[in-house]
Amino acid sequence: MAPSPTGPLHIGTARTSLYNYLFARHVGGTYVLRIEDTDTARSTADDERDIIDNLHWLGISWDEGPQAAGGEDIGSFGPYRQSQRMDLYAREATRLLESGAAYHCWCTPEELEGVRREHEARKEAPRYNGRCLRLTDADRARFETEGRQPAIRLRVPPEAIRFDDLIRGEVEFDNALLGDFVIVRANGVPLYHFVVVVDDEAMGITDVIRGEDHLSNTPKHIALIRALGYAEPRFAHISLILNPDRTKMSKRKSQTAITAYREQGYLPEAMVNFLAFLGWSPGTEEEIFTLDQLAERFELGAVHKGGAVFDQDRLDFLNGVYIRSLADQQLALRLRPFLPDALDDASVLRVVPLIRERLVRLADAGELVVFLVETDEQVGARYDADAMLPKQRTPAETAAAVASARDALEGLEAADFSADVLETRCRQAADEMGWKAGDFFRPLRVAVTGRTVSPPLFGSMELLGRDRVLARLDGALGKLTAEGVPTA
RNA sequence: GCCCCCAUCGUCUAGAGGCCUAGGACGCCACCCUUUCAAGGUGGAGAUCACCGGUUCGAAUCCGGUUGGGGGCACCA
């Protein structure tokens, strides 16, 4: 896998990495991570860190490459950052120059732009016209005295290029349509198409699995491979992940940074499971798989040719499945970063069973548990008639109901303040007043949590404790009576 | 403009000539369960397999074309 650190780990890059990982593990191969940072202007250390950290987060590991951002490389074909391999590229470029497979190009950006416009005007493919190929020694001497620096272009033989894509089958291009392309800039920095080919050979890469956006670049790579006398690797091009409008997934239209999903509390297990099925399926109706199970079942040949829309609803569903499958301790641990510091670890562990089934993302837990750390005043500020009154009930009637619940609970010792006991007492109180349990619980829920939607009422009361529950019931009572409606 | 790739419910997909009156999942709707919200259970709507031709006794599956969509054509990666 060879990501470019010009942005945080992208969903598409993550899936390509995953497919590479699954393939390597499935066939028992060696998985290599290489950082493509030849574009020094756009590559940053922060992005490299984001990519490596999030790949690790997903559970993807590699046999060769930088093991940590800015850290040591592992593997015997390093260094694994292209910015540290410039000598190799320079050597290979010289070799190409000497064999005549490449040549210097002195054209300026303005001249090239002019040629491009001419082609466009004549409705031709915008390709290089080979002008510098016909230069005389005198021309070259003149450019040199002018101080112009030449770029290096590959002389592309006009031949048909065909290769057997592991996913798409046989694909054929006509390289006569391709112009001689630049492989080293005038400033000496080599370009992507060149370094990728040089590195794949140097690192012994046998299988190149990448996005479909590189399919039409492959003939360039093969031309380079032939010019350099390298062995041709196998290629596999996976279709792209799409925005809902079926265009290539982009930051503009979708949330593309893995780290953003991580911050919202998506589980790496869910993300991996989801990503794996975006363009592949085991051919059965099973759909929940761990990373190891995926590696066991993954087949490149079963990867789809068509693009797949990123469906957030489905990710949400899977995330819920994985959240619900976690044991209390595990979920508590994962929830910790998403919960208020004021909530101690013991309370987190106790609240987990109450909220587990209500979570789509870990970050959703915050809203569900705030009532535990809010002050009685903060909760009280949320009391209002709309929320507290059941249908067809007046404030006075509701106040009476809350008062009866309060009476039922007041006699309990703090130690007896358990969900079971609370429920029994409250149901009894509701019964005695002739109220439906649901109606009776509504104002209690609002009183205790400040919300109409909350974790189960009695479990919440138990966690809150006797004193705070009674205080909040009193607060609600005050509010209901203050409404000033005469008693029924 | 040129080149390449692709095409099954809204979405992810099963399907490799007869098992398909096209299956599953998400989402949606209804009902059940129920202290809210969820979760869970049951059921339902939803695809003339983009279209047109061909091959075949038989096509979602093979072939050709059309249409539609996507990607690529940089001294970006």
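Residue numbering restarts at 1 for every chain, and letters A, B, ... go by the order of the sequence lines.
Side-chain atoms of A:N243 come within 3.5 Å of backbone atoms of A:S250 as a donor-acceptor pair (strictly under, hydrogens ignored). Counting only distance, with no hydrogens or angles, the side chain of A:S43 and the backbone of A:T40 share no donor-acceptor pair below 3.5 Å. Without hydrogens or angle criteria, A:R425 side chain to A:L409 main chain gives no donor-acceptor distance under 3.5 Å. With hydrogens and angles disregarded, a donor-acceptor distance shorter than 3.5 Å links the side chain of A:N319 to the backbone of A:V360.
Comparing the same atom, P, in B:A14 and in B:U8 gives a spacing of 10 Å after rounding to whole Å. On the P atoms, B:C62 is 35 Å away from B:A74, given to the nearest whole Å. Across B:A59 and B:A16, the matching P atoms stand 16 Å from one another, rounded to whole Å. Remark: the separation of the C1' atoms in B:A77 and B:G40 is 48 Å, to the nearest Å. For the P atoms, the distance linking B:C33 with B:G24 amounts to 26 Å, nearest Å. Using C1' as the reference atom, B:C75 and B:G64 are 43 Å apart when rounded to the nearest Å. Here the separation of B:U67 from B:G23, taken at their C1' atoms, is 29 Å to the nearest Å. Rounded to whole Å, the separation between the P atoms of B:G44 and B:U61 comes to 29 Å.
In this structure, A:F173 places its CZ atom 4 Å from C1' of B:C4, rounding to the nearest Å. Across the protein-nucleic acid pair, A:F371 atom CZ and B:U36 atom P stand 16 Å apart, rounded to whole Å. B:C76 atom C1' lies 9 Å from atom NE2 of A:H193, rounded to whole Å.
Backbone-only engagement by A:G279 is indicated by non-hydrogen atom pairs under 4.0 Å involving sugar-phosphate atoms exclusively. A:R445 comes within contact range of at least one nucleobase, with a heavy-atom separation under 4.0 Å. Within 4.0 Å (heavy atoms only), A:Y192 reaches at least one base atom of the nucleic acid. Note on A:S4: only backbone sugar-phosphate atoms sit closer than 4.0 angstrom, heavy atoms only; bases stay farther off. Backbone-only engagement by A:T247 is indicated by non-hydrogen atom pairs under 4.0 Å involving sugar-phosphate atoms exclusively. Residue A:A437 is classed as having no contact, given no heavy-atom separation below 4.0 Å to the nucleic acid. Counting non-hydrogen atoms under 4.0 angstrom, A:R153 reaches the backbone sugars and phosphates but no base. Contact annotation for A:R356: no contact, since no heavy-atom pair falls under 4.0 Å across all strands. At a threshold of 4.0 angstrom between heavy atoms, the contacts of A:F458 include nucleobase atoms, whether or not backbone atoms are also involved. Residue contacts for A:D213: at a heavy-atom cut-off of 4.0 Å it reaches the sugar-phosphate backbone alone, with no base atom in range. Using a 4.0 Å heavy-atom criterion, one finds that A:T449 contacts no nucleic acid atom at all. Within 4.0 Å (heavy atoms only), A:H304 reaches sugar-phosphate atoms of the nucleic acid but no base atom. Nucleic acid contact for A:L215: sugar-phosphate only, since backbone atoms but no base atoms lie under 4.0 Å from a heavy atom of the residue.
Across B:G71, B:G69, B:A77, the shortest atom-to-atom separation from the side chain of A:L240 is found for B:G71. When the nucleotides B:C75, B:C5, B:C12 are ranked by their closest atom to the side chain of A:F277, B:C12 comes out on top.
With both pairing distances under 3.5 Å, B:U48 is matched to nothing as a Watson-Crick or G-U wobble pair. Remark: B:G1 base-pairs with B:C73. Criterion, Watson-Crick or G-U wobble with two distances under 3.5 Å. Taking a pair to require two hydrogen-bonding distances under 3.5 Å in either a Watson-Crick or a G-U wobble arrangement, B:U67 pairs with B:A7. Pair check for B:C62 finds B:G54; Watson-Crick or G-U wobble, both atom distances under 3.5 Å. The partner of B:C31 is B:G41, by the rule that a Watson-Crick or G-U pair needs both atom distances under 3.5 Å. Using Watson-Crick or G-U wobble geometry with both donor-acceptor distances under 3.5 Å, B:C19 finds no partner in any strand shown.
For B:U35, the OP1/OP2 oxygens have a side-chain nitrogen or oxygen of A:R427 closer than 4.0 Å. A:R185 has a side-chain polar atom (N or O) that falls below the 4.0 Å cut-off from OP1 or OP2 of B:A77. The side chain of A:S281 places an N or O atom within less than 4.0 Å of a non-bridging phosphate oxygen (OP1 or OP2) of B:A14. Remark: A:R168 is not in phosphate contact with B:C4, judged by side-chain N or O atoms under 4.0 Å from OP1 or OP2. The phosphate of B:G70 (OP1 or OP2) has no side-chain N or O of A:K305 nearer than 4.0 angstrom. An OP1 or OP2 oxygen of B:U13 is reached within less than 4.0 angstrom by no side-chain nitrogen or oxygen of A:R314.
Residue-to-nucleotide proximity on RNA chain B shows that, of A:P455 and A:D313, the 5′-proximal contact is made by A:D313. Nearest-nucleotide mapping onto RNA chain B: of A:V171 and A:G283, the residue sitting toward the 5' end is A:V171.
A donor-acceptor contact closer than 3.5 angstrom links the side chains of A:D199 and A:Y89. Side-chain atoms of A:T247 and A:D245 include a donor-acceptor pair closer than 3.5 Å. Side-chain contact annotation: A:Q264 with A:Q255, donor-acceptor N/O pair under 3.5 Å present.
Between the side chain of A:R358 and the base of B:U36, at least one donor-acceptor pair of N or O atoms lies under 3.5 Å.
Between A:Y261 and A:F310, the ring center distance clears the sub-6.0 Å criterion.
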